[in-house]
Amino acid sequence: MSFELVEKRYLKDINTTSYKYVHLKTKAELLFFKNDDENKSFSISFKTIPKNDKGIFHIIEHSVLCGSKKYPLKEPFLELLKGSFNTFLNAMTFPDKTVYPVSSKDENDLKVLMDIYLDAVFNPNLLENNKIFMQEGWHYHLENLEDEISYKGVVYNEMRGVYDSIDELIDINISKNLYKNSPYMYSYGGDPRKIVNLEYKELVDEYLNCYHPSNAYIFLYGNLNINSFLKIIDEYLSEYNFKNYSNYVLNKQDNFNKNIVTVNYPNSELLDKNYFTASYLIDTNENINLLSSIEIINELLLGNSDSSFKNYFIENNICEDVYGYLQKDRLEVSYSIVFKNVKDKYIDKIDKIYDKKLNNEIKNGFNKRHIKSIIRNFVFDIKDEINKSSEPKGVNYAIFLLRNWIHKKDPLQVFDFESIINNLKDNFINNNYENIATKFILQNEKKSLIKAIPQKNNISYTKAFFEDFDENIKKGIMKKTSDFIKWQNKENSAEDLQKIKAVDSKKVLIKNPIKPLIFKNINGIRHTNYQVFTNDIIYYKFIFDISDFSEKELKYASLISYILFNNNTKNKSKLENNIDINSFLGGVDTFINVFRNSKNNDLKIKFILSAKNLNIYMKESSKIIKENLINYDFSKKDNIKNILVELKLYLDNKFKENAHLFTLQRLSSYMSKANYIKEIINGFNFYIFIKDLLKNINVNYNDISENLINTMKKILNKEDLLTISTCSEYDDKLFLDNISNITNFIKSERKYKQSNILFNTKSNKYSEAFYFNTNVQYVSLASNIKCNYNGKLLVLSNIINFDYLWNKIRIKGGAYGTGFSINRYNEIYFWSYRDPNLTKTIDIYKDISKFIENLSISDTDLNKFKIGALNTFNQLMSPNEKSSISLKYYLSDIDIKEFDKIITEIKNTKIEELKSLKSLFENIKEKNHICVVSSKKNIEENQKIFSDTIKLE
């Protein structure tokens, strides 16, 4: 036996048996979590300690997945994206480790995925082909002598996008200063200005140093035959001898700067946009009880806007937001408090204000009921963990384990939830949270204080010495660029493609997860139960119809969805309300959704209350929901103002951090009334509405409050009210017995009506550009095609994504991400993420019909693309998600048989049918809408493309 079993342990809190193996020849360690989870996972990880800011391990992470000895394709990773039944497929670089995780429901599929990943990390083509480094890392790019030289590379461009994010820059600076004598000070993803100094040989040397079995940590998870997996793994490990990594360690940080460090960050707005951070080293991940206590303290101080600590800074207009977080993926865990958009007049004294306020907070003592409610909510989350089947638990668990494992500490203690909970309760009984906050925050000398001040100038990535390159140097770069492009354009051989095995798509069985919902009239409301085991948790929704709301009412209804359960009521203060929610509810949320009828395009707009709680707390939970729905209170201006400030910051951050999604939502609002309504309730239109309310709140608050009250009254209408529970039959009766406490107070006010909101489609080729301080683009294009939604379109969509766009925009263009989608309403969308190009990307989108016309793929490849399309119907779903998708089918009037129909269409798709779809895409060049997020400079240079340009503040 090549592996020795050295430890077996039952982890009762996750109902899993852990087996620890050691590979006899190399001493590689392997953990196997055996349980009944249908989703199975594998990961291999390496300790990787950076020595500089060049992003070496991040580039290695990308590069090893670009072909290997056994799988010599240019990108086996892409082939897996095209056509495997993975439920997770990725790789990740952390500050001290690199992780390669995959998961699948099918055991044989997981073996294929594992074999490809093992060959990638141990036998990569990277060692013999520097063009992989050029593609994934960086290179000088020059196609024509008269062009400007530029830097290109996937990681290079990804990190340019990262360095655009203020929050990311703040975190980078925290690490740089708090861990200033440690490898954690380095930008492990890579500073773009330093990435371009990385040499290929340096990268290869670092790979050879770290990617060895003796430095590997292997993890298997799920209901699988362990011996067959160990045999495959041994085939790779046995090629190596033991290598001693005992000196490859990280030491604790022991030198700290007591002075406040001032840094600058780029921002177009200078007024009142300062940041202040206070960060502390707490302890290693081994001290899980202490870290859990710090999380409780963070929740007490900053978890909600109702906390007196957080509220003080916002209500006194010192800053716009305060948040805290623990950074656990390091030897020593840090805890940071970040003050966002600090006013100029406070930035030089906020450290003293913060210190004094924290001291008073601890001295006065934390609210005991608040502590107890947070602990109870923590217990609920553990109970709910079993139901989170929509997530690849094996991937998440691998990352949790590594926090201790790579430092040779017990990796399993993180799953001893009973011990953690008992410790939290003991601290509560012994009034210990104030002592912990004093020792590890207030009086902690292992700290870093940073002021981040905005400056107008963007981060510059262009080297001035480009100007000094003579013609001979430029010709040399042109030659390398030309050779590089030829390599990128070279097709994989059919023989190599055959090496990645795929199942026959026609033999794949995919179970329809959608159940028909039958609503029955019970006590004056229409109710249904999605019956399933949920581990004593009841998930439920109240669905109010607001289809006849005006545009103004929808905006106020959306605002109400953020206020409810995050505000005071007539009988409870904001803090008291939050304590009740934490004590008895596992979570509660309100939101608006728009459902478009699949047959006639009629709209249903629903205001939805979604909640979950343990069955033993159903009575208490129903009282809390009633208190918030019936006894709402919008009279306190300061409370509403604070929520508006938080909401504005949230939307602003969402637009910039996920700008590709922002552009897609904006484009979709041009295409249909349903999408326009979504823009009203959570898009840029809604953002402008929130900004205007904030601007005029002191003058117009009576009007704002009156509008909130009138809208809330209109929402609470029993006519067309639906309820759905996801739980056992017994728990459903419990739910129905208690919700009468709520529904008895709701009246039937009006009958269902269609939306009367006017919608005018945008003129052809209408386009928008949004700009802020960024060094990359997010480029999207939308159009309509005329056809019946079917499975063939989904196969074509997979081909467009992972053949056309991946090669043209990601590989050759250097963008970090790109994609294409089509929905049942014949709307098509193209997008790119952290893209160095703008017009080139748009041209690639517009040329799609030419690609389809010339489509030439083998039956083997077509089978892979079919599998990729089928896999989108085979994803992990929790019980609550299964009931939610069944609800969507019901409200959208979609025949559940359509699921099986599309599966059949995907399986039967022929290449000739795909090529015939070319005609659907021919009008895209002339009939399209474009939305771009970029820098002001790039927008101005391409002004003729855009109908309108708008600044993102």
Side-chain angles (χ1 to χ4, degrees), residues 52-67 73-75 77-78 93 124-163 187 189-207 459-490 775-777 806-818 832-838 840-841 844:
N52 50 50
D53 292 317
K54 298 177 185 179
I56 291 177
F57 293 114
H58 189 188
I59 296 171
I60 292 174
E61 173 224 307
H62 278 244
S63 299
V64 300
L65 295 173
C66 293
L73 299 88
K74 286 194 292 183
E75 286 196 282
F77 181 75
L78 175 60
T93 306
N125 287 346
L126 168 68
L127 300 181
E128 299 169 359
N129 187 349
N130 74 327
K131 290 182 177 62
I132 293 172
F133 165 68
M134 292 171 67
Q135 174 179 282
E136 300 299 319
W138 77 277
H139 67 275
Y140 295 122
H141 199 87
L142 184 65
E143 295 184 33
N144 302 295
L145 204 57
E146 62 272 17
D147 294 344
E148 288 186 11
I149 299 172
S150 63
Y151 292 121
K152 277 198 175 183
V154 174
V155 170
Y156 168 76
N157 216 58
E158 175 191 351
M159 295 310 297
R160 286 180 71 192
V162 168
Y163 273 65
S187 175
D191 182 334
R193 294 163 295 186
K194 304 293 179 64
I195 286 174
V196 295
N197 295 325
L198 178 61
E199 300 285 343
Y200 172 62
K201 183 180 183 303
E202 185 180 354
L203 186 89
V204 170
D205 289 345
E206 204 61 79
Y207 164 84
I459 297 175
S460 175
Y461 298 108
T462 305
K463 288 213 169 186
F465 66 71
F466 281 174
E467 299 172 4
D468 299 327
F469 284 5
D470 61 29
E471 190 170 314
N472 287 333
I473 293 175
K474 289 182 178 181
K475 285 181 177 178
I477 294 172
M478 277 182 59
K479 176 67 168 60
K480 286 185 177 180
T481 303
S482 176
D483 291 344
F484 174 68
I485 291 172
K486 286 176 184 175
W487 171 76
Q488 285 191 315
N489 287 330
K490 185 179 179 182
N775 286 285
V776 289
Q777 278 79 226
W806 184 278
N807 287 318
K808 293 278 189 180
I809 291 177
R810 189 184 186 276
I811 298 304
K812 297 176 185 177
Y816 183 54
T818 183
S832 69
Y833 180 75
R834 292 179 182 168
D835 191 343
N837 306 305
L838 199 160
K840 283 184 180 179
T841 294
I844 289 167

| message | Run the side-chain contact (heavy atoms from CB on, under 4.5 Å) test on K74 and N807 for me, step by step, so that the C-alpha distance in whole Å, both residues' side-chain angles and the decisive distance to 0.1 Å come before the verdict. | response | CA-CA 11 Å; K74 286 194 292 183; N807 287 318; 5.7 Å; no
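- Remark: side-chain polar atoms of Y156 are not paired, donor with acceptor, to backbone N or O of D191 under 3.5 angstrom.
- Using a 30° and 60° split on the angle between ring planes, H141 and F484 fall in the perpendicular class, above 60°.
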| Can you check side-chain contact (heavy atoms from CB on, under 4.5 Å) on Y163 and S187, steps first, answer last? | CA-CA 10 Å; Y163 273 65; S187 175; 2.9 Å; yes
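- With hydrogens and angles disregarded, no donor-acceptor distance shorter than 3.5 Å links the side chain of S482 to the backbone of M478.
- Put simply, CD1 on I56 and NZ on K194 are 12.5 Å apart, with the number rounded to the nearest 0.5 Å.
- Exactly one residue among K152, Q488, Q135 makes a side-chain contact (heavy atoms from CB on, under 4.5 Å) with K812. That residue is Q488.
- When atom types are taken as modelled, the side chain of K474 and the backbone of L142 share no donor-acceptor pair closer than 3.5 angstrom.
- N52 places a side-chain heavy atom less than 4.5 Å from the side chain of E202.
- Note that OG of S150 and CG of N837 are 8.5 Å apart. Values are rounded to the nearest 0.5 Å.
- A donor-acceptor pair is defined here as one N or O able to donate and one able to accept, closer than 3.5 Å; no such pair exists between the side chain of E136 and the backbone of I59.
- Checked by atom type and distance alone, the side chain of N144 never pairs as donor or acceptor with a backbone atom of E146 at under 3.5 Å.
- Side-chain contact between P192 and Y151 is absent, with no heavy atoms from C-beta onward closer than 4.5 Å.
- We find the CG-CG distance between N775 and N157 to be 9.0 Å, quoted to the nearest 0.5 Å.
- Classification of the F77-W806 ring pair by plane angle, with boundaries at 30° and 60°, yields tilted.
- Note that CG of D835 and OG1 of T841 are 3.5 Å apart. Values are rounded to the nearest 0.5 Å.
- Below 30°, between 30° and 60°, or above 60°: for H62 and Y816 the angle between ring planes is between 30° and 60°, a tilted geometry.
- Pairing each heavy atom of V776 with each of G161, the nearest pair is CG2-CA, 3.9 Å.
- Between L126 and L203, some side-chain heavy-atom pair lies under the 4.5 Å cut-off.
- Although no hydrogens or angles enter the test, the distance criterion places a donor-acceptor pair under 3.5 Å between the side chain of Q777 and the main chain of P836.
- Note that CG of L198 and CG of D53 are 12.0 Å apart. Values are rounded to the nearest 0.5 Å.
- Annotation: side chain of E206 is not in contact with side chain of K54 (no heavy-atom distance under 4.5 Å).
- Put simply, NZ on K480 and CE on M134 are 7.0 Å apart, with the number rounded to the nearest 0.5 Å.
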| message | Run I485 and E143 through side-chain contact (heavy atoms from CB on, under 4.5 Å) and show every step you take. | response | CA-CA 9 Å; I485 291 172; E143 295 184 33; 3.8 Å; yes
| task | Take F57 and Y207 through the side-chain contact (heavy atoms from CB on, under 4.5 Å) test and state the conclusion after the steps. | result | CA-CA 8 Å; F57 293 114; Y207 164 84; over 6 Å; no
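- Looking only at side-chain heavy atoms (C-beta outward), M159 and I195 come within less than 4.5 Å of each other.
- Looking only at side-chain heavy atoms (C-beta outward), K486 and K490 stay at 4.5 Å or farther from each other.
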